[in-house]
Amino acid sequence: MEVILTKDVEGIGKSGTVVKVKDGFARNFLLLKDLAVPVTAGNMKNLQEGKARSLQKEEKAKKTAEELKTKIASLSLTIAVLTQEKDKLYANITAVEVQKALSDE
């Protein structure tokens with residue numbers, strides 16, 4: 001029996017893949033626990049639409065990350081700290097200090 005996995009199943013496959021399994025395993029385990037749906041025209045259409053939506057979502061996130069990358073690359077931060085001789089720091093610069101400097105910019 002061919003089914004479309006709705007969740008990752010160890011040893012079988014990842015979510016969104018079409019796999020062929022034994023009829024009993026599909027009916028008694030995968031379908032019963034909502035881990036898979038049978039392969040039908042409607043379910044295949046839903047799978048394709050879901051993949052298209054996730055692809056658009058990934059592209060949008062990638063575009064946002066690229067914009068943020070260019071914005072951060074153009075920034076120059078100066079954080080004033082005390083140093084010892086030979087330009088060694090007394091303490092580390094923490095993430096909180098970097099965050100405060102970024103928010104000030």
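We use all heavy atoms of the structure for the numbers below, so side chains are in, but hydrogens, waters and symmetry mates are not.
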J.: So does Glu67 have more than 12 non-hydrogen atoms from other groups sitting under 6.0 Å from CD?
T.: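 For Glu67, atom CD is crowded (more than 12 foreign heavy atoms under 6.0 Å).
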J.: Tell me whether Ile4 shares a hydrophobic cluster with Val9, the cluster being built from Ile, Leu, Val, Met, Phe, Trp, Tyr side chains joined at under 4.5 Å.
T.: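 Looking at the clustering, Val9 is in a separate group from Ile4.
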J.: Counting heavy atoms not belonging to Ile79, are there more than 12 under 6.0 Å from its CD1?
T.: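 Above 12, so yes.
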J.: Applying side-chain contact (heavy atoms from CB on, under 4.5 Å) to Met44 and Val18, what does each step give before you reach the verdict?
T.: CA-CA 9 Å; Met44 288 301 288; Val18 177; 4.1 Å; yes
J.: Rounded to the nearest 0.5 Å, how far apart are CG of Asn43 and NZ of Lys45?
T.: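 NZ of Lys45 is found 12.0 Å from CG of Asn43.
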J.: For the hydrophobic clusters of this structure (ILVMFWY residues joined by side-chain heavy atoms under 4.5 Å, transitively), does one cluster hold both Met1 and Val37?
T.: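 No: no chain of side-chain contacts under 4.5 Å links Met1 to Val37.
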J.: What are the two closest heavy atoms between Ala36 and Leu31, and how far apart are they?
T.: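 So the two residues come closest at O-CD2, 3.2 Å.
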J.: Any donor and acceptor pair, going by atom type alone, linking the side chain of Ser15 with main-chain N or O of Thr6 inside 3.5 Å?
T.: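 Judged by distance alone, yes, a pair lies under 3.5 Å.
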J.: Distance-only, no hydrogens or angles: does the Glu97 side chain make a donor-acceptor pair with backbone N or O of Thr94 under 3.5 Å?
T.: yes
J.: Tell me whether Leu5 is reachable from Val39 by hopping between hydrophobic residues (I, L, V, M, F, W, Y) whose side-chain heavy atoms are closer than 4.5 Å.
T.: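 Not linked; separate clusters.
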J.: Hydrophobic clusters here meaning ILVMFWY residues chained together by side-chain heavy-atom distances under 4.5 Å, can you tell me if Leu75 and Ile93 are in one?
T.: yes
J.: Would one find more than 12 heavy atoms of other residues, nucleotides or ligands at under 6.0 Å from atom CG of Asp104?
T.: yes
J.: Before giving the answer on side-chain contact (heavy atoms from CB on, under 4.5 Å), spell out for Leu102 and Val98 the whole-Å C-alpha distance, their side-chain angles and the decisive distance to 0.1 Å.
T.: CA-CA 6 Å; Leu102 283 172; Val98 173; 4.2 Å; yes
J.: Mind checking the NZ-NZ spacing from Lys69 to Lys62? Nearest 0.5 Å is all I need.
T.: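 Lys69 atom NZ to Lys62 atom NZ measures 10.0 Å (nearest 0.5 Å).
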J.: Cluster question for you: counting only ILVMFWY and a side-chain heavy-atom cut-off of under 4.5 Å, with indirect links fine, are Leu89 and Leu77 together?
T.: yes
J.: Of the options Val19, Leu35, Thr17, which is the one that meets Ile12 in a side chain to side chain contact (heavy atoms under 4.5 Å, CB included)?
T.: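 Going through Val19, Leu35, Thr17 one by one, the side chain to side chain contact (heavy atoms under 4.5 Å, CB included) with Ile12 is satisfied by Val19 alone.
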